[in-house]
Amino acid sequence: QEHYGGLKGLTMAWIGDGNNVLQSFMVSAAKLGMHLRIATPRGFEPDLRITKITEQNSKEYGTKLLLTTDPLEAADGANVLVTDTWISMGQEEEKKERLKAFQGYQITMQTAKSAASNWTFLHCLPRKPEEVDDEVFYSPQSLVFQEAENRKWTI
């Protein structure tokens with residue numbers, strides 16, 4: 001909102017794990033007027049109950065929802081590219097399996113080529129290089145440090 005002047009009509013692309021951060025976006029995006037495009041590997045989708053709520057919210061608020069396994073399809077036309085850790089606390093023993101499952105989900109400038117011309121990047125930190133490469137993470141389009149500063153005031 002701070003960057004774009006408003007959220008209504010923006011498209012957010014989540015590329016990564018169907019975790020708690022994604023599920024928070026899912027239950028709020030439509031209420032804020034945002035379209036949501038989600039790419040997760042098979043077996044790492046968000047909770048089905050949350051997906052049903054999100055589908056209902058999208059219908060009620062007139063927004064679009066896409067669920068796919070293709071990161072470039074999710075990024076297509078997106079204003080905001082978002083990811084998070086692929087290995088959350090308590091999932092360390094799954095690291096090898098998860099890294100294999102998430103191959104091709106790293107956000108790169110190639111991913112960004114599918115996005116809208118005014119794309120930005122968010123990550124709630126800490127970030128691992130397999131999730132997003134340095135070129136995107138440190139690019140002028142990356143808002144991760146402003147995001148972290150804003151988060152400081154809500155914690």
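Note that the structure is a prediction, hence the values are computed from the model and not measured.
When atom types are taken as modelled, the side chain of S114 and the backbone of A75 share no donor-acceptor pair closer than 3.5 angstrom. Between the side chain of R127 and the main chain of V132, a donor-acceptor pair closer than 3.5 Å is present. Although no hydrogens or angles enter the test, the distance criterion places no donor-acceptor pair under 3.5 Å between the side chain of E97 and the main chain of E94. Of the possible polar contacts, none joining the R37 side chain to the T11 backbone as a donor-acceptor pair under 3.5 Å is found. When atom types are taken as modelled, the side chain of Q56 and the backbone of T54 share no donor-acceptor pair closer than 3.5 angstrom. Remark: side-chain polar atoms of S142 are not paired, donor with acceptor, to backbone N or O of S139 under 3.5 angstrom. Distance alone, capped at 3.5 Å, is enough to place a donor-acceptor pair between the Y105 side chain and the T69 backbone. A donor-acceptor pair under 3.5 Å is absent between the side-chain atoms of E55 and the main chain of I53, judged by distance alone. E135 places no side-chain N or O within donor-acceptor distance of the main-chain N or O of T108, the cut-off being under 3.5 Å. Distance alone, capped at 3.5 Å, places no donor-acceptor pair between the Q141 side chain and the N118 backbone.
Using a 4.5 Å heavy-atom cutoff, the side chains of F44 and R98 are in contact. The shortest side-chain heavy-atom distance between M109 and V136 falls under the 4.5 Å cut-off. When side chains are defined from C-beta on, T63 does not count as touching L32, because their heavy atoms never get closer than 4.5 Å.
V27 and N57 get closest at one heavy-atom pair: O-ND2, 3.5 Å. A pairwise comparison of heavy atoms in A74 and W14 identifies CB-O, 4.4 Å as the closest pair. D17 and W86 get closest at one heavy-atom pair: OD2-O, 4.1 Å. Heavy-atom minimum distance, P71 versus G104: CG-O, 3.4 Å.
V82 and M26 fall within a single hydrophobic cluster, where Ile, Leu, Val, Met, Phe, Trp and Tyr are joined by side-chain heavy atoms under 4.5 Å apart, directly or via other members.
T68 and E73 share a side-chain donor-acceptor pair at under 3.5 Å. In this model, a donor atom of one side chain and an acceptor atom of the other lie less than 3.5 Å apart for N150 and E2.
Summarising the geometry, atom CD belonging to E45 is positioned 10.5 Å from atom CD1 belonging to I38; distances are rounded to the nearest 0.5 Å. Distance check, rounded to the nearest 0.5 Å: OG1 of T83 to CG of N19 gives 8.0 Å. To the nearest 0.5 angstrom, H35 atom NE2 is 9.0 Å from K8 atom NZ. Considering CZ of F25 and CG of D84, their distance stands at 8.5 Å, rounded to 0.5 Å. Atom OG1 of T111 sits about 6.0 Å away from atom CG of L72, to the nearest 0.5 Å. Interatomic distance, T40 OG1 to L67 CG, rounded to the nearest 0.5 Å: 7.0 Å.
In this pair, F145 and F137 present their aromatic rings perpendicular. The plane angle is above 60°, beyond the 30 to 60° band.
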